[in-house]
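A short write-up of the structure that comes next.
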Amino acid sequence: MEQKKRTNPFRKYLGLKEFESRDDIFEVRIDIFPDLLNFSGNVHGGVIASLVDMSIGNAVHSNLNENQYSTTVELKLNYLKPLNGTEIIAKSYLLHKGKSLLVGKSDIFNDHGQLVATGTATFMILNKERES
């Protein structure tokens, strides 16, 4: 299932590649470039956190109707090993779908398929105000 193309400057800056869903698992990728690295030459933890948030957000977005939007209310991460190489891969899915909250999980892999970080995020579902 392919979703509507959503863009914003931050996603564009990171180079977040289009994603697809297979069996309710959403995969997104980012090519690693020098601006994403910390002083040690590894991908900055904030980049990984952003990817966890955005990748789970893709799974959340697929469960909303046109009158709804969502916002992150909680984000938790575990960094397991330094991330370097040429690409970051996030695989995300929902753990819980409630009336007002959705909880998702994202596993982050390096370009060798090694798990380097894992995280969860909780999103609140909000209703768009009706236009007059």
Side-chain angles (χ1 to χ4, degrees):
M1 171 174 111
E2 193 165 327
Q3 295 184 351
K4 288 184 204 175
K5 189 174 186 175
R6 297 184 304 149
T7 60
N8 70 35
F10 188 59
R11 289 170 75 97
K12 186 176 178 179
Y13 177 76
L14 290 177
L16 192 70
K17 294 181 183 177
E18 290 300 315
F19 61 94
E20 292 184 17
S21 170
R22 293 186 190 122
D23 300 322
D24 293 325
I25 297 175
F26 291 78
E27 185 174 308
V28 295
R29 295 171 180 259
I30 294 176
D31 289 329
I32 297 173
F33 58 97
D35 288 357
L36 302 183
L37 304 179
N38 61 24
F39 291 119
S40 301
N42 298 306
V43 174
H44 192 284
V47 173
I48 297 169
S50 295
L51 184 57
V52 167
D53 186 37
M54 290 185 291
S55 64
I56 295 171
N58 288 339
V60 167
H61 182 74
S62 72
N63 284 271
L64 303 178
N65 66 45
E66 66 272 358
N67 297 320
Q68 295 177 318
Y69 67 101
S70 64
T71 188
T72 309
V73 295
E74 183 179 44
L75 181 69
K76 298 178 190 176
L77 278 97
N78 291 98
Y79 300 100
L80 307 174
K81 65 189 305 182
L83 175 55
N84 48 49
T86 61
E87 187 176 49
I88 308 168
I89 300 105
K91 295 182 181 182
S92 305
Y93 57 92
L94 293 183
L95 296 169
H96 170 77
K97 300 176 196 178
K99 289 182 181 180
S100 61
L101 296 175
L102 296 168
V103 179
K105 182 174 188 314
S106 183
D107 290 326
I108 307 298
F109 299 90
N110 64 18
D111 51 6
H112 297 292
Q114 298 169 317
L115 183 66
V116 297
T118 188
T120 59
T122 303
F123 286 74
M124 180 179 287
I125 301 170
L126 301 165
N127 290 311
K128 294 179 183 176
E129 300 212 17
R130 294 191 174 148
E131 297 179 28
S132 303

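Clustering ILVMFWY residues whenever any of their side-chain heavy atoms sit less than 4.5 angstrom apart, transitively, puts L37 in the very cluster that holds V47. Residues L64 and M124 are members of separate hydrophobic clusters, defined by side-chain heavy-atom contacts under 4.5 angstrom among Ile, Leu, Val, Met, Phe, Trp and Tyr. I89 is not connected to V43 by any chain of hydrophobic side-chain contacts under 4.5 Å among Ile, Leu, Val, Met, Phe, Trp and Tyr, and they are in different clusters. Hydrophobic clustering (ILVMFWY, side-chain heavy atoms < 4.5 Å, transitive): L75 and L16 are in one cluster. Residues V73 and I56 fall into different hydrophobic clusters, defined by Ile, Leu, Val, Met, Phe, Trp and Tyr side chains chained together at heavy-atom separations under 4.5 Å.
With I48 as the partner, the side-chain contact (heavy atoms from CB on, under 4.5 Å) test is satisfied by one option alone out of L83, L36, N42: L83. Of the options L95, L94, V52, a side-chain contact (heavy atoms from CB on, under 4.5 Å) to K105 is made by L95 and by none of the others.
Once rounded to the nearest 0.5 Å, the distance linking OH of Y69 with CD1 of I125 reads 12.0 Å. Atom CG of L14 sits about 4.5 Å away from atom CD1 of I30, to the nearest 0.5 Å. To the nearest 0.5 Å, atom CD of residue Q114 and atom CZ of residue F109 are 10.5 Å apart. Here the CZ atom belonging to R29 is positioned 4.5 Å from the CD atom belonging to E87, to the nearest 0.5 angstrom. Between F123 atom CZ and H61 atom NE2 the span is 11.5 Å, to the nearest 0.5 Å. To the nearest 0.5 Å, the span separating CD1 on I108 from CD1 on I88 amounts to 7.5 Å.
Summarising the geometry of F26 relative to S62, their closest heavy-atom pair is CZ-OG, 3.2 Å, with the distance given to 0.1 Å. Between Q68 and K128, the shortest heavy-atom distance links the atoms O-CE, 3.6 Å. Heavy atoms only, all atoms of each residue included: G41 and N84 are closest at O-CB, 4.2 Å. Across every non-hydrogen atom of V116 and P82, the tightest pair is CG1-O, 4.2 Å. Annotation for K91 and I25: closest pair CB-CG2, 4.1 Å, computed over non-hydrogen atoms.
For the pair T122/T120, no side-chain contact is recorded, criterion being any heavy-atom separation below 4.5 Å from C-beta on. In this structure, the side chains of V28 and M54 stay at 4.5 Å or more apart for every pair of heavy atoms. Counting heavy atoms from C-beta on, the side chains of N58 and S92 never come closer than 4.5 Å.
Every residue two or more places apart in sequence or in another chain was checked for a salt bridge (Lys or Arg N to Asp or Glu O under 4.0 Å) with D53, and none qualifies. For D24, there are no salt bridge (Lys or Arg N to Asp or Glu O under 4.0 Å) partners at least two apart in sequence or on another chain. Applying the ring pair (Phe, Tyr, Trp, His ring centres under 6.0 Å) criterion to Y13, with sequence neighbours excluded, gives F33.
Judged by distance alone, with hydrogens and angles left aside, the side-chain atoms of N38 form a donor-acceptor pair with the main-chain N or O of S40 at under 3.5 Å. Without hydrogens or angle criteria, H44 side chain to G46 main chain gives a donor-acceptor distance under 3.5 Å.
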